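Right, one structure below, let's go through it.
All of these numbers come straight from a predicted model, not from anything done at the bench.
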Amino acid sequence: MLSRKEYAGKVENHRSTRMMRGDDRSHDEVARPLILPAIEHMCAAEPISRRELIAANGLLADRRAGALRKTPMWVGGAHPAESWFVAPDAAMLPKLLADLASFLSDLSLPVTLRAAVGLVRFLQIHPFKDANGRTSRALFLAICLREFGHRESPLGVLPNIWRTGGLHLHAASLSIRDHNNWEPYLDLAHSSFALALGQTP
């Protein structure tokens with residue numbers, strides 16, 4: 001078990017992949033030290049609620065308070081019709097986040113399932129104007145931290161998902177989007193958890 005200070009250092013200095021760090025854009029060096037306060041904010045909440053998700057985004061976006069986006073959001077084109085991803089309408093965000101928070105708080109479900117599904121579902125909802133990726137990773141780590149404590153091994157799950165997945169991760173994401181088929185992604189997440197925790201997948 002790591003001390004809190006050691007764990008903070010592991011989180012802030014993790015260099016494995018952009019799945020953990022966000023990417024190599026200029027915000028990275030600013031955003032990395034902010035992820036631990038966001039994780040701890042969600043860990044202190046019992047249970048994690050929509051309010052805590054919004055507050056964590058505010059921390060990661062370096063604002064005093066987070067706020068749900070009020071405008072459409074899409075990725076990959078100049079117009080939604082040309083884009084590969086179109087986020088849900090802003091009017092749906094409060095209910096979608098509330099439903100996600102309810103799922104994350106269902107302790108009858110394995111922590112690995114809640115963390116893996118929560119990561120992708122949060123990104124599908126894309127509730128904020130910015131820092132959605134950073135908030136999703138903080139959420140993932142907060143769920144793991146609640147279960148595993150300040151251990152290094154869960155920090156390796158996200159890099160493992162990327163490193164062992166690559167194109168498989170992209171294909172699994174498309175399978176969820178197009179067919180609501182979670183099996184390929186959950187298989188990948190399970191293998192990544194097993195590898196990070198030193199078990200045989």
Side-chain angles (χ1 to χ4, degrees), residues 11 19-20 34-61 63-75 85-151 154-155 157-158 161 169 172-190 192-193 196-197:
V11 170
M19 280 289 291
M20 179 71 185
L34 298 175
I35 193 170
L36 191 69
I39 292 170
E40 292 187 333
H41 180 85
M42 286 187 280
C43 281
E46 194 59 53
I48 295 175
S49 70
R50 182 180 69 191
R51 179 178 298 180
E52 272 68 50
L53 292 172
I54 293 172
N57 176 261
L59 290 170
L60 286 163
R63 297 188 298 261
R64 290 187 178 180
L68 298 178
R69 61 176 168 82
K70 302 185 185 310
T71 57
M73 175 78 72
W74 64 88
V75 179
F85 171 75
V86 179
D89 185 88
M92 300 172 61
L93 296 178
K95 182 179 187 310
L96 291 173
L97 275 189
D99 289 346
L100 175 60
S102 177
F103 171 81
L104 297 176
S105 301
D106 186 349
L107 300 183
S108 69
L109 300 172
V111 63
T112 52
L113 177 66
R114 286 183 281 125
V117 171
L119 174 73
V120 170
R121 187 65 183 132
F122 185 93
L123 291 172
Q124 288 176 325
I125 297 170
H126 228 71
F128 304 111
K129 185 176 179 180
D130 58 7
N132 288 282
R134 282 167 273 165
T135 307
S136 71
R137 289 186 291 281
L139 173 62
F140 181 96
L141 292 174
I143 295 168
C144 290
L145 182 60
R146 283 167 172 258
E147 177 74 14
F148 300 113
H150 291 86
R151 298 182 183 276
L155 298 177
V157 176
L158 291 177
I161 288 177
L169 176 61
S173 299
L174 291 176
S175 184
I176 295 172
R177 184 195 70 179
D178 296 338
H179 309 293
N180 198 32
N181 178 15
W182 285 78
E183 187 173 353
Y185 169 71
L186 292 179
D187 285 345
L188 177 58
H190 172 74
S192 298
F193 263 106
L197 298 176

Give me the atom names and distance for the closest heavy-atom approach of [X] to [Y].
{"X": "Ile54", "Y": "Phe128", "result": "CA-CZ, 3.7 Å"}
{"X": "Phe122", "Y": "Thr135", "result": "CZ-CG2, 3.5 Å"}
{"X": "Ser105", "Y": "Pro47", "result": "OG-CB, 3.0 Å"}
{"X": "Asp89", "Y": "Arg69", "result": "C-NH1, 4.4 Å"}
{"X": "Arg146", "Y": "Cys43", "result": "NH2-O, 3.7 Å"}
{"X": "Leu123", "Y": "Gly133", "result": "CD2-CA, 4.0 Å"}

What is the distance from atom [atom1] of [X] to atom [atom2] of [Y], rounded to the nearest 0.5 Å?
{"X": "Ser136", "Y": "Ile125", "atom1": "OG", "atom2": "CD1", "result": "11.0 Å"}
{"X": "Leu145", "Y": "His150", "atom1": "CG", "atom2": "NE2", "result": "5.0 Å"}
{"X": "Asn57", "Y": "Asn132", "atom1": "CG", "atom2": "CG", "result": "6.5 Å"}
{"X": "Glu46", "Y": "Glu52", "atom1": "CD", "atom2": "CD", "result": "10.0 Å"}
{"X": "Leu169", "Y": "Leu174", "atom1": "CG", "atom2": "CG", "result": "9.5 Å"}
{"X": "Ile48", "Y": "Ser102", "atom1": "CD1", "atom2": "OG", "result": "12.0 Å"}

Handout entry: For His126, all residues meeting ring pair (Phe, Tyr, Trp, His ring centres under 6.0 Å), sequence neighbours excluded
Key =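 So His126 forms a ring pair (Phe, Tyr, Trp, His ring centres under 6.0 Å) with Phe85.
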So [Y] and [X], do their side chains get closer than 4.5 Å, heavy atoms only?
{"X": "Phe140", "Y": "Pro154", "answer": "no"}
{"X": "Leu119", "Y": "Leu139", "answer": "no"}
{"X": "Val157", "Y": "Cys144", "answer": "no"}
{"X": "Leu68", "Y": "Pro94", "answer": "yes"}

Problem - Stepwise side chain to side chain contact (heavy atoms under 4.5 Å, CB included) test for Leu109 and Val117 - result: CA-CA 11 Å; Leu109 300 172; Val117 171; over 6 Å; no
Problem - Step-by-step side chain to side chain contact (heavy atoms under 4.5 Å, CB included) determination, Arg114 to Leu107 - result: CA-CA 9 Å; Arg114 286 183 281 125; Leu107 300 183; 3.9 Å; yes
Handout entry: Arg177 atom CZ, over 12 foreign heavy atoms within 6.0 Å
Key =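 Result for CZ/Arg177: enclosed.
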Problem - Glu147 CD: over 12 foreign heavy atoms closer than 6.0 Å - result: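 Enclosed.
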Exercise for the section: Examine distances only and state if a side-chain atom of Arg50 and a backbone atom of Leu93 form a donor-acceptor pair shorter than 3.5 Å. Expected result: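 Answer holds: no.
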Practice task
Check whether any side-chain N or O of Tyr185 sits under 3.5 Å from a backbone N or O of Ser175 as a donor-acceptor pair, and report yes or no.
Solution key: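 Answer holds: no.
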